[in-house]
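For reference, the structure is listed below as structure tokens.
Only heavy atoms go into these numbers, but all of them, side chains included; no hydrogens, no water, no symmetry mates. It should be emphasised that the depicted structure is a prediction, and the values quoted were computed from it without experimental measurement.
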Amino acid sequence: RLFNAQTGVPRQLSVPAVNTSFALMPLAADPDQDGLVERLYLLSTEGLLLQYDWQSASGWQVSTVADFRQSGWRFDGSWQRISARWPVTQGWQQGDVFILQGRDASGYRLMVLRRPVGLQRVFDLTDIADHVDLNKAGWQRPLVGRPVTAAKILAGIMYLPLSHDPDLG
């Protein structure tokens with residue numbers, strides 16, 4: 001729920017319509033650190049990751065960060081975004097890291113997507129490796145069980161408790 005910053009009164013969020021469904025709450029960001037949300041991220045159940053930026057003159061403007069719809073996975077588990085730095089060949093890169101949980105008939109998957117600051121391209125499955133690969137935009141791995149909580153990042157280490165589900169094979 002969004003609130004008016006001056007009055008504290010709840011208000012509706014009017015964003016451009018998209019033809020998809022959402023099972024997760026949007027993630028909010030404050031890029032200019034003024035205490036107001038100017039950016040929202042929404043992830044559709046089919047794997048479309050959208051970014052909404054607030055423009056004072058024109059309202060919310062939508063752009064696509066990633067399109068994983070061809071995966072056939074259902075993205076209705078937890079997800080999060082963190083600001084991070086990671087090593088590259090010549091120093092360090094900074095940007096957003098998205099941690100997504102997807103699932104299909106064979107089980108659950110964890111996907112990590114890194115997007116450097118200022119990069120405006122749309123990512124898809126060809127940008128994601130099947131193992132940790134720092135030369136790719138991200139990676140995905142099957143999980144050996146069902147996630148029981150959202151992943152937590154502490155001191156650069158991801159913790160994700162799993163429950164063994166014998167129906168997953």
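Using a 4.5 Å heavy-atom threshold, the side chains of T64 and L49 count as separate. Within the 4.5 Å cutoff, the side chain of V122 has no heavy atoms near those of the V65 side chain.
Pairs engaging residues 57-67 under the salt bridge (charged side-chain N to carboxylate O under 4.0 Å, His left out) rule: D67-R69 [sequence neighbours left out].
For F123, there are no ring-ring contact (aromatic ring centres under 6.0 Å, His included) partners, not counting sequence neighbours. Judged as a salt bridge (charged side-chain N to carboxylate O under 4.0 Å, His left out), and not counting sequence neighbours, the contacts of R39 are D53. By the side-chain hydrogen bond (donor to acceptor under 3.5 Å, both in side chains) test, R74 pairs with D76, sequence neighbours left out.
Between the side chain of D104 and the main chain of Y108, no donor-acceptor pair closer than 3.5 Å is present. In this structure, S71 contributes its side chain and W73 its backbone to a donor-acceptor pair below 3.5 Å.
Residue Y159 is found in a hydrophobic cluster whose other members, listed by chain and number, are L154, I157; membership requires side-chain heavy atoms under 4.5 Å apart, directly or through intermediates.
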Chi angles and distances behind the side-chain hydrogen bond (donor to acceptor under 3.5 Å, both in side chains) call for D130, Q140: CA-CA 5 Å; D130 288 334; Q140 61 88 20; 2.6 Å; yes

Test side chain to side chain contact (heavy atoms under 4.5 Å, CB included) applied to R103 and L143, step by step: CA-CA 9 Å; R103 64 184 169 98; L143 298 174; over 6 Å; no

Only distances under 3.5 Å count here; give the side-chain donor-acceptor pairs of residues 95-102 to other protein atoms, sequence neighbours excluded, each with its distance to 0.1 Å.
| from | atom 1 | to | atom 2 | distance (Å) |
| --- | --- | --- | --- | --- |
| D96 | OD1 | R81 | NH1 | 2.8 |
| D96 | OD2 | Y41 | OH | 3.1 |
| D96 | OD2 | R115 | NH2 | 3.4 |
| Q101 | NE2 | S78 | OG | 2.9 |

